[in-house]
J.: 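Input: one structure, supplied below.
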Amino acid sequence: MSKKITLLGSTGSIGTQSLDVIRAQGYEVYGLSAHSHVEKILQQIEEFHPKYVCMTDPDAAAKLDAALAGRANAPKLLTGPEGLKELAALDGPDVVLNSVVGIAGLGASLCAIESGHDLALANKESLVTGGHLVTQAVEKHGVQLLPVDSEHSAIFQCLMGRGKGELKKILLTGSGGPFRGRPREELEDVTPEQAVKHPNWSMGAKITIDSATLMNKGLELIEAVWLFGLPPEKIQIVVQRQSIVHSAVQFSDNSIIAQLGVPDMRIPIQYALTYPARVPGVVPELDFTTLKLLTFDVADEETFRCLAACKKAIRKGGLGPCAANGANEEAVKLFLEDKIGFLDIGRLVEAVVDSDSFGGDYSLADVYECDRMARAFVRAHL
Ligand code: NDP
Ligand code: MG
């Protein structure tokens, strides 16, 4: 069955892999968005002929506008964060896939849901910063929230519609990152070049750093709390070095169901787009004649403080996770600019989480204010 997709963040790692899936399935692209990569989105426009395109960065938007001038069948250009929300809300697609990075994706997620669209969500920061708003909107508008994050897709697949009542716990797997087993003293001097190399996955810069600090696993734990409605104590982090077991669920009878496959994001992306159907795709099969070893271990929260900080943040509730996320986004940016050390990221995220109680209900305005304050806290504590 053909589908129409609006893809937000199409120039990124998930965005380009989503286009691989869309190309292979012969799906139609209704809208695309990017932030800064003008040449890349021009190529995508050329190939996929979207009706709408949004460029969020103003300079890039002006360049794209000039490049599209006079072209026959040029897409309508929307600009800035408001344009992104407008694009997410437009009637036309069967599903909106959000693969923007960071809290910049939250407004678009909410707009897509509030306009009645099913949302395939790679942008985990939407749930981390505004989980309560996103899940409430999903319920109110009766739309499907389809996880794209590989672990959450795995859990979603293992659950196969079974209720929370039968679920005892979630086993959320992670590779442990490139620095697993290294003592803290050795991590003080890790450079951005070393941290942007992940052993198993090829991803955008921000999530690659998050994987090295284990912040990504902390964000994913919070994402799982919102997606599957379990308290954080019932989500166990399991280090699965080979990234073959993408996560598992344990039912009340202690039977465990896991999802396995090669580490390739195009499986969870495709499942979110074809759900509930399974169809042949572009990803090769897992070869059990060469797969000799699967190892399991516990995560080292003493060394990787980001994971401990995220657990504290979700236990505090309210805006705690939003504060942790905002501090992390700012700290990762500073680390990539060589302005702080690798371990400072965890120190700063933990310090923000410890700085307030964060409890209670919140509005969207509160989320953005908390994000702003967390970033300011980080800059003030350099
Ligand atoms: P990338 O950095 O590769 O891509 C991010 C995308 O968002 C790009 O299209 C970028 O545009 C756009 N973007 C950047 N800043 C803004 C902004 N301020 N406003 C609007 N759009 C913006 O990230 P990834 O693809 O790696 O990750 C995307 C999301 O998916 C993240 O939330 C991540 O956690 C999640 N995820 C990623 C996985 C992976 O394997 N990469 C796995 C699971 C989840 P441009 O490039 O034009 O600047
Ligand atoms: Mg993941």
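One-based numbering, in listed order, for ligands and for the atoms of each.
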J.: Under a 3.5 Å distance rule, please check whether H117 uses its side chain to pair with a backbone N or O of L90 as donor and acceptor.
T.: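 Between the backbone of L90 and the side chain of H117 there is a qualifying donor-acceptor contact (under 3.5 Å).
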
J.: Strictly by modelled atom types, are E220 and H152 linked by a side-chain donor-acceptor pair under 3.5 Å?
T.: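 Distance-only check fails for E220 and H152.
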
J.: Decide whether S150 and H246 meet the rule of one side-chain donor and one side-chain acceptor closer than 3.5 Å.
T.: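 Their side chains do not contain a donor-acceptor pair, so the 3.5 Å distance test is not met.
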
J.: Pairs in or reaching into residues 313-356: which pass ring-ring contact (aromatic ring centres under 6.0 Å, His included), with residues at least two apart or in two chains?
T.: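 ring-ring contact (aromatic ring centres under 6.0 Å, His included) check on residues 313-356 returns F179-F342, F335-F342.
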
J.: So if I only count non-hydrogen atoms and take anything under 4.0 Å from ligand 1, which residues does that give, chain by chain?
T.: G9, S10, T11, G12, S13, I14, A34, H35, S36, H37, T56, S99, V100, V101, A104, A122, N123, K124, E125, D149, M203, G204, I207, M265

J.: Indicate whether any N or O donor in one side chain lies under 3.5 Å from an N or O acceptor in the other, for N98 and S109.
T.: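 There is such a pair (donor and acceptor under 3.5 Å, judged by atom type) between the side chains of N98 and S109.
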
J.: When you check the side-chain N and O atoms of S10 and Q44, is any donor under 3.5 Å from an acceptor?
T.: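 There is such a pair (donor and acceptor under 3.5 Å, judged by atom type) between the side chains of S10 and Q44.
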
J.: Assess the side chains of S153 and Q157: does a donor N or O sit below 3.5 Å from an acceptor N or O?
T.: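 Side-chain D/A pair, S153 to Q157: present.
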
J.: What is the name of the N/O/S atom of E220 that is nearest to the Mg ion (ligand 2)?
T.: OE2

J.: What angle sits at the Mg ion (ligand 2) between OD1 of D149 and OE1 of E151, to 10°?
T.: 100°

